[in-house]
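Just so it is clear, the values below take in all heavy atoms, side chains as well, and ignore hydrogens, waters and symmetry mates. Keep in mind that what you see is a predicted model, and the values were worked out from it rather than measured.
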2 protein chains.
Amino acid sequence: MTPQPATRERRRDADRTRAEILKVAEQEFTKQGYAGARVDEIAALMRTTKRMIYYYFGSKEQLYIAVLEKAYAEVRAAERTVDVEHLAPVEAIRTLAELTFDHHDAHREFIKLVAIENIHQAEHIRKSEALANLGTPVLDLIERILDAGTASGDFVTEADAIDVHMMISAFCVFRVANQHTFGTLFGRDMTAPEHRARQRRMVGEMIVGYLRGEGSLR
Amino acid sequence: MTPQPATRERRRDADRTRAEILKVAEQEFTKQGYAGARVDEIAALMRTTKRMIYYYFGSKEQLYIAVLEKAYAEVRAAERTVDVEHLAPVEAIRTLAELTFDHHDAHREFIKLVAIENIHQAEHIRKSEALANLGTPVLDLIERILDAGTASGDFVTEADAIDVHMMISAFCVFRVANQHTFGTLFGRDMTAPEHRARQRRMVGEMIVGYLRGEGSLR
DNA sequence: GATGTTACGAACTAGGTAGTTAATTAACGT
DNA sequence: ACGTTAATTAACTACCTAGTTCGTAACATC
């Protein structure tokens, strides 16, 4: 009779099932860690069964790697939208720091996955070809900003792009990754909305203050 | 006959057994995470048996909490040795940053435990009375340094002690906690000896640069 | 509307894992 | 020397958990 419209709710939909498994698995892994996550629990939280997890992903580990790959892919996509080339060096590095801040603030699940991965010595990332050679364009960008700043005289400190990236990432990651222990010990939820704008300013002032060299000895 | 000397190797020694369990458990928990750690594996790595773990600690969770308490106790002990009161504000905060750097560099197991604890939303720390109310004297110290620096005019930026502590901790913790993913993605082991001295200088210059206010807008 | 293929589900298995039971032995006071 | 208690051991259990088996229902194609 009438052909089914494209929007019809299909009973069988590989893409949808696959996507739902990934979504639920990400939640479970970020909440429980790799070993703590239960395949049965992931299945119970879906409208499909555990069998489908093995049908589409083969094993718990491959599912976890797929979750990592998806998360990193989203981060890369966001990074590509960054355009600070037209700014003067000081504003360029400050903007990059603030963009990194916003980005990490908005992708907390990703930060938790990275923390879990570090506990396991990055063994899963290393197993993934899609992730192993993830040369990040952000380093080139920082390099260009640093060169421009040194040439213009705005930056005094001799800095290395990886170090600068580390300094910015450290600040942006820490407040999310360590929010629970820090909150318990110091009585402040670093990630609460009332601290967000101030910390966002901080990361920019931190990196600019560092590069302008006012922290150097003597 | 001859009374046994105090140094004699006792076959039964509760203190020694307890200490050995804690030591091996710390290694296993930091390597595998909480859920990934195996009580049987901890027992297998010792000269004693699994039953002793339950005899002394009651459960896997209580053992883990005991490991956390021991690690935090050691950190507090180290913090108490810090004396920067006699230094001028700029040197005081730089020295504190460098001491924090050294301390975290030397206590990497502790950092991993904290990362694991954050994955579990600090639920175990909250269960421990010994840790829940761990007001840290380091905040008072920073407060005094900031006040002195503002009074002397060395510091321009209006900063909050918790924020400053966070900025320093973030840098010092990140290079250890995220070494594996960062190393895999950027091809640099941040914790390798050849980067140590430079990064130690960085953290001091970063915090001084920030407080001197050279990063502020306009 | 028959046929082959893809997506799916219920029930099952083998091995792992935290926690126990109960017997045994070393240390120590008297 | 002897009884009491703290420390230790081996074997055990009940449950959990990743991964499988096998059968079936929906879809596409002709």
Considering only nitrogen or oxygen atoms on both sides, find all protein atoms under 3.5 Å from nucleotides 20-23 of chain C and state each distance.
{"from": "C:dT21", "atom 1": "O4", "to": "B:Arg51", "atom 2": "NE", "distance (Å)": "2.9"}

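Residues from residues 28-46 of chain B that place a heavy atom under 4.0 Å from any atom of DNA chain D: there are none.
Taking atom NZ of residue A:Lys60 and atom C1' of nucleotide D:dT20, one finds them 17 Å apart after rounding to whole Å. Regarding B:Asp13, its CG atom lies at a distance of 10 Å from the P atom of C:dA27, rounded to whole Å. Atom CZ in A:Phe57 sits about 16 Å away from atom P in D:dA18, given to the nearest Å. Distance OH (A:Tyr56) to C1' (D:dG19): 18 Å, rounded to an integer number of Å. Protein atom OH of A:Tyr55 is 8 Å distant from nucleotide atom P of C:dC8, rounded to whole Å. Spacing between atom CD1 of A:Ile53 and atom C1' of C:dA7 amounts to 15 Å, rounded to whole angstrom units. The separation between B:Asp15 atom CG and D:dT8 atom P is 10 Å, rounded to whole Å. Atom CZ of B:Arg16 and atom C1' of D:dT8 are 13 Å apart (whole Å).
Using a 4.0 Å cut-off between a side-chain N of Lys or Arg and a carboxylate O of Asp or Glu, B:Arg175 and B:Asp105 qualify as a salt bridge. With respect to the salt-bridge test (charged N to carboxylate O, under 4.0 angstrom), the residues A:Arg188 and B:Asp163 qualify. Comment: B:Arg94 engages B:Glu91 in a salt bridge, judged by a side-chain N to carboxylate O separation of less than 4.0 angstrom. Residues A:Arg201 and A:Glu98 are not paired through a salt bridge, judged by the lack of any N-O separation under 4.0 Å between the basic side chain and the carboxylate.
Residue A:Thr48 places at least one side-chain N or O under 4.0 Å from the OP1 or OP2 atom of C:dG9. Distances shown here put a side-chain N or O of B:Thr17 below 4.0 Å from the OP1 or OP2 atom of D:dT8.
Here A:Lys112 pairs with nothing under the side-chain hydrogen bond (donor to acceptor under 3.5 Å, both in side chains) rule; sequence neighbours left out. Partners of A:Asp140 by side chain to side chain contact (heavy atoms under 4.5 Å, CB included), not counting sequence neighbours, listed by chain and number: A:Arg144. For B:Val75, the side chain to side chain contact (heavy atoms under 4.5 Å, CB included) criterion is met by B:Glu79, B:His103, B:Phe110, not counting sequence neighbours. Partners of A:Lys50 according to the side chain to side chain contact (heavy atoms under 4.5 Å, CB included) rule, which considers only residues two or more places apart in sequence or in another chain, are A:Val39, A:Asp40, A:Ala43, A:Tyr54.
A perpendicular orientation is assigned to the rings of A:Tyr64 and A:Phe29, their planes being inclined by more than 60° (bins at 30° and 60°).
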